[in-house]
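Below, all heavy atoms of this structure are taken into account, side chains as well, without hydrogens, waters or symmetry copies. What you see is a predicted model, and the numbers here were worked out from it, not measured in a lab.
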Amino acid sequence: MTEMKDRIRLIMEAQHMSQQTFANFIGINAASLSSIFNNRTKPTLNTVEAIKSKIPNLNTDWLMFGHGSMFVNEGNATDGQPDDLGVGHAGTSSPADGGVPDLFSGSVESGVQHATQHRHDNIAAPEVRYVERPQRQITEIRVYFDDLTFESFVPKK
């Protein structure tokens, strides 16, 4: 039976994503994903939730335990392996047809544009406010001398 790290790798490879790209896609640290693949750490529930939040039709039972098929609408595969990895005939897929959205199908620019657009949706525009304050007035001027004395000047009103 395959381990969870192998099933995570299957999802990543089905989307033609590198470890860095997949980690960014699901919102975890790339070093954490690398540690999982190198058997230094085990995938946590946070990792499963991060993947599930980005790929809602993923079968959590398959991801965690290897039971069933990769996607919930694929039917019951007896070997625990997906039939077509959720990828459509042209190598692309959408969440509507049961697959994992392929951000990198077609041109590289369209995938990068989609990923960049998604990242910029959460950034709030800074708000600059100019607050008018009353003009300051000089109330006193002091001049200090080297003999440790000073003289004060007060403007006439």
Measure the CD1-CD distance between I8 and Q19 for me, rounded to the nearest 0.5 Å.
11.0 Å

Each residue besides F150 in its hydrophobic cluster should be listed here, by chain and number; the cluster joins Ile, Leu, Val, Met, Phe, Trp and Tyr at side-chain heavy-atom distances under 4.5 Å.
Y144

Results of side chain to side chain contact (heavy atoms under 4.5 Å, CB included) for A31 - residues two or more places apart only:
N29

For S32 and S35, test the side chains for any donor-to-acceptor distance below 3.5 angstrom and give the result as yes or no.
no

Rounded to the nearest 0.5 Å, the NZ atom of K52 sits from the CG atom of N57 at a distance of 7.0 Å

Do side-chain atoms of N59 reach the backbone of D61 as a donor and acceptor pair under 3.5 angstrom?
yes

How many angstroms lie between CH2 in W62 and CE in M4, if you round to the nearest 0.5 Å?
10.5 Å

Is any side-chain heavy atom of I55 closer than 4.5 Å to a side-chain heavy atom of F71?
yes

Donor-acceptor pair, side chain of R142 and main chain of E151, under 3.5 angstrom
no

Short question: side chain of D6, backbone of T2 - any donor-acceptor pair under 3.5 Å?
no

So which heavy atom on S53 is nearest to which on A50, and how close?
OG-O, 2.9 Å

Indicate yes or no: at least one non-hydrogen side-chain atom of R40 is less than 4.5 angstrom from one of S34.
yes

Search all heavy atoms of Q20 against all heavy atoms of A30 and return the closest pair with its distance.
OE1-CB, 3.4 Å

Shortest non-hydrogen contact between K42 and E3, atoms and distance
NZ-OE1, 4.1 Å

Nearest 0.5 Å, what's the CD1-CZ distance between I36 and R9?
10.5 Å

Distance-only side-chain donor-acceptor flag, T44 / N46, under 3.5 Å
no

Could you grab the distance from atom CZ of F25 to atom NZ of K54, nearest 0.5 Å is fine?
6.0 Å

Taking the side chain as every heavy atom from C-beta outward, state whether I51 and I28 have any pair of such atoms under 4.5 Å apart.
no

Shared hydrophobic cluster, V154 / V143 (ILVMFWY, side-chain heavy atoms < 4.5 Å)
no

What is the distance from atom OG of S152 to atom CD1 of I141, rounded to the nearest 0.5 Å?
10.0 Å

